[in-house]
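Structure in structure tokens, see below.
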Amino acid sequence: MCGIVGIVSKSPVNQALYEALTVLQHRGQDAAGMMTCDNGKLNLRKDNGLVRDVFHTRHMLNLKGNLGIGHVRYPTAGCASSAEAQPFYVNSPYGISLAHNGNLTNADELKRDLFREDLRHINTESDSEILLNVFAHELQRHGKIEINAEDVFDAVAGVHKRCRGGYVGVAMIAGYGIVGFRDPYGIRPIVFGKRTTDLGDEYMIASESVALDALGFELIRDIAPGEAVLIDTKGKLYTRQCVDNPVYSPCIFEYVYLARPDSIIDNVSVYKARLRMGEKLAEKILREKPDHDIDVVIPIPDTSRTSALQLANRLDVKYREGFIKNRYIGRTFIMPGQKQRKKSVRQKLNAIDLEFKDKNVLLVDDSIVRGTTSQQIIQMARDAGANRVYFASAAPPVCYPNVYGIDMPSADELIAHNKTVEEVAELIGADWLMFQDLEDLVEAARVGNPDINRFDASVFDGEYVTGDIDQQYLDRLEQRRNDKAKSGSQNEEDDTDLGVTLIDMHNSN
């Protein structure tokens, strides 16, 4: 779950990239980076931290050029080293940089092949660097000094033949343009848009449409599964489908939690999908708890608000804001390490006692992953004087790890893994617990776009759409993702400031 952006403009793009990354900050808080191209010279700034902390005036002044790409990162395997901040860069051929969101499920195999057959060296543990080198090698096959759009699309087709998993990328080719592409299943989101200025047409590629909205770009559409979109330095747009049999399988968890509610993903309004989730969940409560004694519905901010409001309306129960959120604490879902997550919950939320005192409260959250946050929030409700505390999840039980770029922990760290609903309710301390049915969740999202063949719902049903995931892979993933592994990687964190680098070897001031 990273955020990516690429812009081809008629004027300097540094400020536009900065603003777009700020809008996409919810997709990653670990690191941020930006690379621009100025007359063939590539300028880079990346480091650990939030966008506002990584880019200062001195960095922005050096990020010259009318085209560029940017990235906000969170670590899918728990590594918080600044060495893995993006964009990544290779000088051959042409000078190519890349920002990537997702995860390659055959990264180990690709890394071996790149070294043994392509004679390319991978310097980090990031599969983004692997993806970049695969693309660079496929483009180098043409052996041409000057390339055209078909050469770029052929290279993307080569990437799709070699790479497996869920991935989207924006790659910048020095002096030529920017290409955006999406895996053949369309698991991770990516859109592109256009704005017209006095100087001419400008284009933007981004993870979510909300980034386009913020900068005045009109959404054209999503990049289709297996498709590539190229904008050259002159502002000319090219598109091509680069696989023979794409399968529309976007990640349903984007609608549950990851994306901003004001985004449109695969022609589905995230906001409206969440309204429908609340409606479906309310209908289930009315079926299974027709004589409920709920006095008030309270969302756990922020993602669940939309679903909770619709649920309350359908139940004809009062809706109240019972928790005040500290906006300066990051999203606990993407904080590496259980100790840090536990510490942050009480710092992030504070209960308004009068909304809880002597009431039967239904707390609504978007999902339950580890259960740590849910357990603490339920206890906060009881401490605030709640008579009884019920809990409802707008998503089904999360029972399986994610392999396509979301840091769902190992299966044993998922509270619902191999447990009944009643067992989970007891563990988190709820008087009763209600999960959304998977069929209802799928229907809530699919209403917006009936052309979607299926969703990647692997965290709920364990069915991985790419068909290449076995228990051996999941066991290796668990070794990398469990909290013990993350604690070790944090202890080895490199605090080096990567500064601003001029890739063309010129010194910066």
Side-chain angles (χ1 to χ4, degrees), residues 1-2 4 73 75-79 81 83-84 86-90 92-93 96-141 154-169 171 179 181-188 225-226 228 242-247 249 251 400-411 456 458-459 462-482 485 489:
M1 192 190 76
C2 298
I4 61 175
R73 174 184 185 266
T76 53
C79 178
S81 171
E84 303 211 358
Q86 296 184 39
F88 285 113
Y89 166 82
V90 289
S92 178
I96 305 173
S97 56
L98 177 135
H100 160 234
N101 173 31
N103 184 57
L104 302 181
T105 56
N106 63 334
D108 293 340
E109 173 189 337
L110 287 169
K111 188 173 183 178
R112 289 192 300 268
D113 291 346
L114 283 167
F115 180 76
R116 294 173 180 174
E117 299 176 17
D118 302 347
L119 306 181
R120 286 181 172 269
H121 173 69
I122 303 301
N123 199 48
T124 70
E125 295 301 314
S126 174
D127 60 347
S128 304
E129 188 186 9
I130 294 172
L131 181 63
L132 168 60
N133 276 271
V134 171
F135 176 68
H137 181 77
E138 293 299 317
L139 195 56
Q140 196 166 26
R141 286 177 181 272
D154 287 345
V156 173
V159 168
H160 291 327
K161 289 178 182 177
R162 297 180 64 178
C163 297
R164 297 196 301 270
Y167 56 89
V168 292
V179 58
F181 55 90
R182 191 178 190 185
D183 75 81
Y185 295 89
I187 298 172
R188 301 262 64 85
C242 298
V243 295
D244 293 331
N245 298 298
V247 180
S249 303
C251 174
Y400 305 93
N402 183 278
V403 302
Y404 301 126
I406 308 173
D407 193 21
M408 295 289 186
S410 61
D456 168 53
S458 53
V459 298
E463 296 180 11
Y464 297 97
V465 295
T466 54
D468 59 337
I469 305 302
D470 56 19
Q471 191 57 48
Q472 184 179 9
Y473 180 91
L474 294 175
D475 290 342
R476 292 198 307 270
L477 190 69
E478 180 173 354
Q479 293 175 3
R480 298 177 61 198
R481 286 195 178 177
N482 61 43
S489 66

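The figures here come from the full heavy-atom set of this structure, side chains too, leaving out hydrogens, waters and symmetry mates.
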Report the distance from atom CD of Glu129 to atom CG of Leu114, rounding to the nearest 0.5 Å.
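The CG atom of Leu114 is 9.5 Å from CD of Glu129, to the nearest 0.5 Å.
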If you apply the rule side-chain contact (heavy atoms from CB on, under 4.5 Å), what do you find for Asp113 with Asp118, and how did you get there?
CA-CA 7 Å; Asp113 291 346; Asp118 302 347; 5.6 Å; no
Sidechain-backbone polar pair: Asp456 side chain, Ile187 backbone, donor-acceptor under 3.5 Å
no
Once side-chain hydrogen bond (donor to acceptor under 3.5 Å, both in side chains) is applied, do any residues pair with Glu138, and if so which ones, sequence neighbours excluded?
Arg141, Arg162
Donor-acceptor contact below 3.5 Å, side chain Glu84 vs main chain Glu125
yes
Do Asn402 and Ser458 touch side chain to side chain, with heavy atoms closer than 4.5 Å?
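Yes, at least one pair of side-chain atoms sits under 4.5 Å.
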Listed by chain and number, what are the side-chain hydrogen bond (donor to acceptor under 3.5 Å, both in side chains) partners of Asn106, not counting sequence neighbours?
none
To check you understand the geometry: which heavy-atom pair defines the closest contact between Asn101 and Cys2, and what is its length?
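Taking every non-hydrogen atom into account, OD1-N, 2.8 Å.
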Less than 4.5 Å apart, side chain to side chain, heavy atoms only: is that true for Thr105 and Tyr464?
no
What's the spacing between Arg73 CZ and Ser126 OG if we round to 0.5 Å?
6.5 Å
Which residues satisfy the side-chain hydrogen bond (donor to acceptor under 3.5 Å, both in side chains) test with Asp183, sequence neighbours excluded?
none
Using ring-ring contact (aromatic ring centres under 6.0 Å, His included) as the criterion, list what pairs up with His160, not counting sequence neighbours.
Tyr167
Which residues share a side chain to side chain contact (heavy atoms under 4.5 Å, CB included) with Asp470, sequence neighbours left out:
Gln472, Tyr473
If you round to the nearest 0.5 Å, how far is SG of Cys242 from CZ of Phe181?
10.0 Å
Exam field: side chain Asp154 to backbone Ala157, donor-acceptor pair closer than 3.5 Å:
no
Which value, rounded to the nearest 0.5 Å, describes the distance between Phe115 atom CZ and Arg120 atom CZ?
13.5 Å
Nearest heavy-atom contact between Leu98 and Ser128 is CD2-O, 3.8 Å
Side chain Asn103, main chain Val403, donor-acceptor under 3.5 Å
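Pair found, side chain donor or acceptor close to backbone of Val403.
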Chi angles and distances behind the side-chain contact (heavy atoms from CB on, under 4.5 Å) call for Val247, Tyr185:
CA-CA 5 Å; Val247 180; Tyr185 295 89; 3.9 Å; yes
Go through the structure and list residues passing side-chain hydrogen bond (donor to acceptor under 3.5 Å, both in side chains) with Gln471, not counting sequence neighbours.
Asp475
Without swapping roles, check the side chain of Gln140 against the backbone of Ser92 for a donor-acceptor pair under 3.5 Å.
no
For Thr466 and Tyr404, does a side-chain donor sit closer than 3.5 Å to a side-chain acceptor?
yes
Begin with the C-alpha distance, continue with both residues' side-chain angles, and end with the deciding distance and a verdict on side-chain contact (heavy atoms from CB on, under 4.5 Å) for Tyr400 and Ile469.
CA-CA 12 Å; Tyr400 305 93; Ile469 305 302; over 6 Å; no
Among Leu132, Asn133, Leu110, Asp127, side-chain contact (heavy atoms from CB on, under 4.5 Å) partner for Ile122
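Of Leu132, Asn133, Leu110, Asp127, side-chain contact (heavy atoms from CB on, under 4.5 Å) with Ile122 is met by Asn133 alone.
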Do side-chain atoms of Gln86 reach the backbone of His100 as a donor and acceptor pair under 3.5 angstrom?
yes
Between the side chain of Arg188 and the main-chain N/O of Arg182, is any donor-acceptor distance below 3.5 Å?
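Here the side-chain-to-backbone pair does not exist.
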